[in-house]
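Here the structure is a predicted model, which means the values were calculated and not measured.
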Amino acid sequence: MKIAFVGKGGSGKTTLSSLFVRHLAACGAPVVAVDADINQHLGAALGLNEEEAAALPAMGAHLPLIKEYLRGTNPRITSADTMIKTTPPGEGSRLLRVREDNPVYDACARSVELDGGAVRLMVTGPFTDADLGVACYHSKTGAVELFLNHLVDGPGEYVVVDMTAGSDSFASGMFTRFDITFLVAEPTRKGVSVYRQYKEYARDFDVTLKVVGNKVRDQDDLDFLRAEAGDDLLVAVGHSDWVRSMEKGRPPRFDLLEESGRHALSLLHSAADATYERRDRERYTRQMVHFHLKNARSWGNERTGADLAAQVDPGFVLGESVTTSA
């Protein structure tokens, strides 16, 4: 299952996404965790120290390798240089799977040991001073988008992506790459403003969206979120001594997380699993192609000097039954 965590800056989405990753690992599930936020904090939330987090390989720095590997023997892609972040897979493309070993994971993923198990962690890489004035942060997430476009996952397998804050996710089609999106919202006007934006824009793309209320202190906070989010509100969480210890760099054993937190994570897990049977692989592939053609027309053709519409394989549908090239 592909799962996104979004929300305004400071809402707690990284904290909640890291808790969900820990929960899945404790359940024995295979997990790939991806930090796609401009502020790279997921590694620290999973227990890495500053030195370990800084040593994580940036996906953006390995984009040529990622493109060359995913291109495979796809005859519609004349060279890796003509691949852009939205390039869809086709016959001959190499696909990625959660449980396998491959050169992309070798270069870009690192195993993080948790008390409930281990997960693969991938990061886009930080937005540095060298990028200012010469690069857009959304180009950094291009590697993540290509990764998701070529990823085949099945039931009981999880890819959890901590997305960039606010509504910046709409700068590309990456927001349509998920089975479910958890929007973390505080019980404030600013806290729910991102929800309204996300809900409005995502409606046309049939995005499954659930709200996770965070920093909820009392019934009035809960009533406020229910009034704003309605049936989209899945669960609300409040203060956690376990989380406070984690934020100080001293997380207790995960099985000591408060009952309310364990219950909330179980609800998220069930909601994610329930989306599997509703997967529409043809729609998923159509949306991939839609955003690729949009990017091709607006900037891709000019930048690469190629007709990127020719990269679309009209008979290809991404799903578990698709085989990858050697």
Side-chain angles (χ1 to χ4, degrees), residues 1-6 24 29-32 34 36 66-67 69-77 83-100 102 104-105 122 141-161 163 169-170 172-182 198 201-210 268-296 308-326:
M1 310 303 296
K2 303 181 186 77
I3 301 153
F5 280 80
V6 300
L24 293 172
V31 183
V32 178
V34 182
I66 294 172
K67 289 180 176 181
Y69 180 76
L70 297 180
R71 175 191 172 206
T73 59
N74 187 336
R76 296 176 179 274
I77 303 175
M83 293 181 73
I84 62 174
K85 62 183 182 178
T86 52
T87 293
E91 185 68 30
S93 295
R94 287 194 182 96
L95 304 177
L96 304 169
R97 297 179 186 272
V98 173
R99 301 174 190 259
E100 70 179 3
N102 58 56
V104 174
Y105 287 147
M122 306 173 76
T141 63
V144 179
E145 194 160 353
L146 273 172
F147 169 75
L148 293 172
N149 278 357
H150 290 75
L151 179 69
V152 178
D153 61 297
E157 300 175 333
Y158 301 89
V159 177
V160 181
V161 182
M163 297 281 278
S169 305
F170 298 127
S172 72
M174 194 159 68
F175 74 98
T176 65
R177 302 296 84 203
F178 302 99
D179 293 289
I180 191 168
T181 296
F182 294 125
Y198 221 102
Y201 196 80
R203 182 178 289 113
D204 292 338
F205 296 94
D206 200 22
V207 171
T208 299
L209 180 67
K210 289 296 179 182
L268 268 61
H269 194 168
S270 296
D273 284 350
T275 63
Y276 179 78
E277 295 302 325
R278 301 197 299 269
R279 275 186 170 181
D280 185 338
R281 294 159 181 80
E282 291 187 356
R283 175 178 59 80
Y284 186 87
T285 305
R286 282 198 308 272
Q287 289 176 346
M288 193 187 310
V289 169
H290 167 81
F291 283 102
H292 179 62
L293 296 177
K294 182 178 179 181
N295 278 272
L308 300 186
Q311 293 180 342
V312 176
D313 184 341
F316 184 87
V317 176
L318 185 64
E320 290 101 304
S321 61
V322 176
T323 58
T324 186
S325 69

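A 4.5 Å side-chain heavy-atom check between Phe147 and Ile66 finds every atom pair outside the cut-off. With contacts defined as side-chain heavy-atom distances shorter than 4.5 Å, the pair Ile84/Asn295 qualifies. Proximity of Met163 to Met174: side-chain heavy atoms (C-beta onward) are separated by under 4.5 Å at one or more points. Proximity of Thr208 to Arg278: side-chain heavy atoms (C-beta onward) are separated by under 4.5 Å at one or more points. Taking 4.5 Å as the limit, every side-chain heavy atom of Lys210 sits out of range of all side-chain heavy atoms of Thr181. Residues Val6 and Phe182 have side chains not in contact (no heavy-atom distance under 4.5 Å, counting atoms from C-beta outward). Side-chain atoms of Asn102 and Leu96, non-hydrogen and from C-beta on, do get closer than 4.5 Å to each other.
In this structure, the separation between CD on Glu91 and CG on Asp313 is 7.0 Å, given to the nearest 0.5 Å. Note: Leu95 CG to Leu151 CG = 9.0 Å, rounded to the nearest 0.5 Å. Between atom CG of residue Leu293 and atom CG of residue Leu308 there is a gap of 9.0 Å, rounded to the nearest 0.5 Å. To the nearest 0.5 Å, atoms CG (Leu70) and CG (Asn149) are separated by 9.5 Å. Rounded to the nearest 0.5 Å, atoms CZ (Arg283) and OG1 (Thr176) are 8.5 Å apart. Summarising the geometry, atom CD belonging to Gln287 is positioned 8.5 Å from atom CG belonging to Asp280; distances are rounded to the nearest 0.5 Å.
Under the 6.0 Å cut-off for aromatic ring centres, Tyr284 and Phe178 do not qualify, their centroids lying 6.0 Å or more apart.
A distance-only check finds a donor-acceptor pair linking the side chain of Asp153 to the backbone of Met1 [under 3.5 Å]. The backbone N or O of Leu148 sits nowhere less than 3.5 Å from a side-chain atom of Arg177 that would complete a donor-acceptor pair.
Minimum heavy-atom separation, Pro30 to Gly156: CD-O, 3.3 Å. The two atoms that bring Arg97 and Glu100 nearest to each other are N-OE2, 3.1 Å, heavy atoms only. Minimum heavy-atom separation, Ala271 to Ile180: O-CD1, 3.8 Å. Closest approach of Val98 to Tyr105, counting heavy atoms only: CA-OH, 3.8 Å. Taking every heavy atom of both residues into account, Met288 and Pro89 meet most closely at SD-CD, 3.3 Å. Summarising the geometry of Gly142 relative to Lys85, their closest heavy-atom pair is CA-CB, 3.5 Å, with the distance given to 0.1 Å.
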- [ ] Decide yes or no on side-chain contact (heavy atoms from CB on, under 4.5 Å) for Val160 and Val34, but give the supporting numbers first.
- [x] CA-CA 6 Å; Val160 181; Val34 182; over 6 Å; no
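Residues passing the side-chain contact (heavy atoms from CB on, under 4.5 Å) test with Arg281 are Tyr276, Arg279, Val317, Glu320, sequence neighbours excluded. Remark: His269 engages His23, Tyr158 in a ring-ring contact (aromatic ring centres under 6.0 Å, His included) (not counting sequence neighbours).
A side-chain contact (heavy atoms from CB on, under 4.5 Å) with Ser93 holds for exactly one of Arg76, Gln311, His150; it is His150. When each of Lys67, Glu145, Arg71, His292 is tested with Thr87 by the rule side-chain contact (heavy atoms from CB on, under 4.5 Å), just one qualifies, namely His292.
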